[in-house]
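Please read the structure below before turning to the comments.
Along the sequence shown, residues are numbered consecutively beginning with 1.
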Amino acid sequence: MKIRIKGNSIRFRLTQSEVKQLSETGSVKESTQFGPNVFQYQVKLMSSGQNLEASYSNDTILMMIPEADGNNWFHNDTIGFEHEMELPKGRKLHLLLEKDFTCLENRAEDQSDNYPNPKLQH
C-alpha cells in the first residue's frame, strides 16, 4: 500500500493482494518505523456511510470505505473511489483510494502485485 499526502489531499494505492485482503477481511494495514515511533496507515470497510471518510489519531491515518463498495472491489473493474470530506471552518479533505497500476517507465520497486496498466494494453 502506498500513500501520497499533499496539502489537504490523501491518496492510497492498493496492490491486487491488498484489494483482495480488504474485500475478504475488511481491512488492510501498513506501518513505517521512525526510530521508536511507528506511523500506520489503514483502509477499512465501514458498515455505515456512503462515501470515503478518513481520520487521524494515535499516529494512524484510517481511510474508511463503505462495505457496499469495498466488498466487491476485487471482483470488478472499478479503478477507485474519490470524495471531498467536509472539515470544520468550510475546509475540505480530498480523499482518493485507487488500485495501484504498474508504472509506464521502469522503476526499481517491485511491481509484480500491481494491476496491469491499461495504457500498456493494445
Practice task
Mark yes or no for whether Ser23, through its side chain, and Asn72, through its backbone, hold a donor-acceptor pair below 3.5 Å.
Solution key: no

Practice task
Under 4.5 Å between side-chain heavy atoms, chaining through other members, with only Ile, Leu, Val, Met, Phe, Trp and Tyr counted: pull out the rest of the cluster around Val38, sorted by chain and number.
Solution key: none

Completion exercise
Here the gap from Glu24 atom CD to Ser17 atom OG, rounded to the nearest 0.5 Å, amounts to 10.5 Å

Fill in the blank from the handout: Separation between NZ (Lys29) and CG (Leu22), nearest 0.5 Å, reads 14.0 Å

Exercise for the section: For Thr78, check side chain to side chain donor-acceptor pair (under 3.5 Å) against everything at least two apart and list the hits. Expected result: Asn76

Exercise for the section: Rounded to the nearest 0.5 Å, what's the gap from CZ on Arg4 to CZ on Arg11? Could you check? Expected result: 4.0 Å

Practice task
State, with a plain yes or no, whether a side-chain heavy atom of Leu97 is found less than 4.5 Å away from one of Ile65.
Solution key: yes

Exercise for the section: Say whether Trp73 and Leu62 are linked into one hydrophobic cluster, either directly or through other cluster members, by side-chain heavy-atom distances under 4.5 angstrom. Expected result: no

Practice task
Check the pair Asn71, Phe74 against side chain to side chain contact (heavy atoms under 4.5 Å, CB included), reporting the backbone distance first and the verdict last.
Solution key: CA-CA 8 Å; Asn71 279 334; Phe74 182 71; over 6 Å; no

Handout entry: Under-4.0 Å salt bridge between Lys92 and Glu84
Key = no

Practice task
Can you sort out the partners of Glu82 under side chain to side chain donor-acceptor pair (under 3.5 Å), two or more places apart, ordered by chain and number?
Solution key: His94

Practice task
Please name all residues satisfying ring-ring contact (aromatic ring centres under 6.0 Å, His included) with Phe39, sequence neighbours left out, ordered by chain then number.
Solution key: Tyr41

Practice task
Please report the shortest heavy-atom distance between Met64 and Ala54, naming the atom on each side.
Solution key: CE-N, 4.4 Å

Problem - Polar side-chain atom of Glu18 near backbone of Met1 as donor-acceptor pair, under 3.5 Å - result: yes

Handout entry: Ile61 versus Phe12, closest heavy-atom pair with distance
Key = CG2-CZ, 3.7 Å

Problem - From Asp69 atom CG to Leu52 atom CG, the distance as rounded to the nearest 0.5 Å - result: 7.5 Å

Exercise for the section: Return the set of residues passing side chain to side chain contact (heavy atoms under 4.5 Å, CB included) with Asn51 (not counting sequence neighbours), or none when no residue passes. Expected result: His83

Handout entry: Heavy atoms of other groups near Gln33 CD, more than 12 under 6.0 Å
Key = yes

Handout entry: Sequence-distant partners of Gln42, side chain to side chain donor-acceptor pair (under 3.5 Å), two or more places apart
Key = Ser27

Practice task
Quick one: pull up CD in Glu53 and CE in Met63 and give me the separation to the nearest 0.5 Å.
Solution key: 11.0 Å

Problem - Met85 side chain reached by Leu87 side chain, heavy atoms, under 4.5 Å - result: yes

Practice task
Decide whether Ile5 and Leu96 are clustered together by the hydrophobic rule: side chain heavy atoms of Ile, Leu, Val, Met, Phe, Trp, Tyr closer than 4.5 Å, transitively.
Solution key: no

Exercise for the section: Tell me whether Val28 is reachable from Met46 by hopping between hydrophobic residues (I, L, V, M, F, W, Y) whose side-chain heavy atoms are closer than 4.5 Å. Expected result: no

Completion exercise
Output for pair (Leu14 CG, Lys2 NZ), nearest 0.5 Å, gives 11.0 Å

Practice task
For Lys20 and His75, indicate whether the former's side chain and the latter's backbone hold a donor-acceptor pair under 3.5 Å.
Solution key: no

